[in-house]
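The residues of the chain are indexed from 1 along the displayed sequence. Values in this document were obtained by computation on a predicted structure and should not be read as measured data.
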Amino acid sequence: MPTQFNSYIDHIDIGFWRHLCESRGELRHFEKGAEFITAGETGHYIGYVKSGALKYVCYSTDGTPHVVGLEFAGHFVCDFPGSLYREKSRCSIIATVPCEIYCVPTAEVVKLMESDAAAREVIAATTRAVFSTLYDRFTDLYSKSPQERYDDLISHDPNLFRLFSLKDIASLLNITPTHLSRLRKK
């Protein structure tokens, strides 16, 4: 069982990302509700979350928000790998509490990829790990019950409700807030 909700963290060189962002980036503050990346725009930064938490939000054609991911302090944040390839983001990344994030321009990371074989391998390994995490989450939506998904989520951080709203957690689990309230009472 992965030790982190975002299991890719267990399989990447987080020290590489932290050092890259802290040494080449700028520490920026994001208030609750501020967007790190906006859906439909190209992400300009890769960040290392010093403090706070963020949610990844995709929007259906009628504008309804759907939480598809969560990010925590000690993790890196970006539209990965879309930002590296100058693709428009499919989701917004929004601070759920005040955040401090070391932000390094993606253009600088791209230059590093082109000039440093070791960095290129770390970035490729990160891409594989992120894909694996997202694929696991996708298959869990079809193969696990809401109770199992909730139990898995809460086992990684029982304090999630301090960082994320009930509505956001329900959206991530693809259930209604009422259903989530019932699961929490069990």
Student: Looking at every non-hydrogen atom in both residues, tell me the closest pair between Gly40 and Lys88 and how far apart they are.
Tutor: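 Scanning both residues, the minimum pair turns out to be O-CD, 3.2 Å.
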
Student: For the residue pair Ile101 and Arg28, establish whether any side-chain heavy-atom pair is separated by less than 4.5 Å.
Tutor: no

Student: Can you confirm whether Arg86 sits close enough to His44 that some side-chain heavy atom of one is under 4.5 Å from a side-chain heavy atom of the other?
Tutor: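 With C-beta onward as the side chain, the pair touches.
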
Student: So which heavy atom on Gly69 is nearest to which on Leu172, and how close?
Tutor: N-CD1, 3.6 Å

Student: Same hydrophobic cluster for Val49 and Trp17, using side-chain heavy-atom links shorter than 4.5 Å among ILVMFWY?
Tutor: no

Student: Ring centres of Tyr45 and Phe36 under 6.0 Å apart?
Tutor: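 Distance test on ring centres: not under 6.0 Å, no.
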
Student: Within the structure provided, determine whether Ile46 and Leu84 are in side-chain contact (heavy-atom separation under 4.5 Å).
Tutor: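 Result yes, sub-4.5 Å side-chain heavy-atom pair found.
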
Student: Between the main-chain N or O of Thr38 and the side-chain N or O of Ser89, is there a donor-acceptor pair closer than 3.5 Å?
Tutor: no

Student: Any sub-3.5 Å donor-acceptor pair from Ser181's side-chain atoms to Pro177's backbone N or O?
Tutor: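 Answer holds: yes.
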
Student: Roughly how far apart are Glu26 CD and Cys21 SG, rounded to 0.5 Å?
Tutor: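 Answer rounded to 0.5 Å: 12.5 Å.
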
Student: Mind listing the closest non-hydrogen atom pair of Gly52 and Cys99 along with its distance?
Tutor: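 Smallest interatomic distance, heavy atoms only, reads CA-SG, 3.8 Å.
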
Student: Looking at residues at least two apart in the chain, or sitting in another chain, which of them share a side chain to side chain contact (heavy atoms under 4.5 Å, CB included) with Glu22?
Tutor: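 For Glu22, the residues satisfying side chain to side chain contact (heavy atoms under 4.5 Å, CB included) (neighbours in sequence not counted) are Arg18, Tyr48, Tyr102.
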
Student: Okay, side chain of Thr126, backbone of Val122: is any donor-acceptor separation there less than 3.5 Å?
Tutor: yes

Student: In terms of hydrophobic clustering (I, L, V, M, F, W, Y; side-chain heavy atoms under 4.5 Å; direct or indirect links), are Leu166 and Ile94 co-clustered?
Tutor: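 In one cluster with Leu166: Ile94, yes.
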
Student: Pairs in or reaching into residues 162-186: which pass ring-ring contact (aromatic ring centres under 6.0 Å, His included), with residues at least two apart or in two chains?
Tutor: Phe72-Phe164

Student: Within this structure, what is the OG1-NZ distance for the pair Thr106 and Lys111, rounded to the nearest 0.5 Å?
Tutor: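 Here the rounded value is 11.0 Å.
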
Student: Roughly how far apart are Phe16 CZ and Leu112 CG, rounded to 0.5 Å?
Tutor: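 So the CZ of Phe16 and the CG of Leu112 are separated by 5.0 Å.
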
Student: I need the Leu54 CG to His75 NE2 distance, nearest 0.5 Å.
Tutor: 11.5 Å

Student: Could you tell me whether the side chain of Phe80 reaches within less than 4.5 Å of the side chain of Ile123, counting heavy atoms only?
Tutor: yes

Student: Treating Thr96 as the side-chain partner and Leu163 as the backbone partner, does any N or O pair qualify as donor plus acceptor under 3.5 Å?
Tutor: yes

Student: What is the distance from atom CG of Asp79 to atom CD of Glu87, rounded to the nearest 0.5 Å?
Tutor: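 So the CG of Asp79 and the CD of Glu87 are separated by 8.0 Å.
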
Student: Are there over 12 heavy-atom neighbours, none belonging to Arg120, within less than 6.0 Å of that residue's CZ?
Tutor: yes

Student: Just by distance, do the side chain of Glu148 and the backbone of Ser145 share a donor-acceptor pair under 3.5 Å?
Tutor: yes

Student: My understanding is that only residues two or more places apart in sequence, or in another chain, count here; which of them pass ring-ring contact (aromatic ring centres under 6.0 Å, His included) with Phe161?
Tutor: none

Student: For Ile37 versus Ser83, what's the shortest heavy-atom pair and its separation?
Tutor: CD1-OG, 4.1 Å

Student: Got a sec: does the NE2 of His66 have more than 12 other heavy atoms crowding it under 6.0 Å?
Tutor: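 Atom NE2 in His66 is crowded, with more than 12 foreign heavy atoms closer than 6.0 Å.
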
Student: Check whether any side-chain heavy atom of Val97 sits under 4.5 Å from a side-chain heavy atom of Lys32, and report yes or no.
Tutor: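 Of all side-chain heavy-atom pairs linking Lys32 with Val97, none is under 4.5 Å.
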
Student: Provide the closest heavy-atom pair for Pro146 versus Ile175 in the form atom of the first, atom of the second, distance.
Tutor: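 In this case the closest contact between Pro146 and Ile175 is CB-CG2, 3.7 Å.
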
Student: Nearest 0.5 Å, please: how far is CG in Leu180 from CZ in Arg149?
Tutor: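 Interatomic distance, Arg149 CZ to Leu180 CG, rounded to 0.5 Å: 11.0 Å.
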
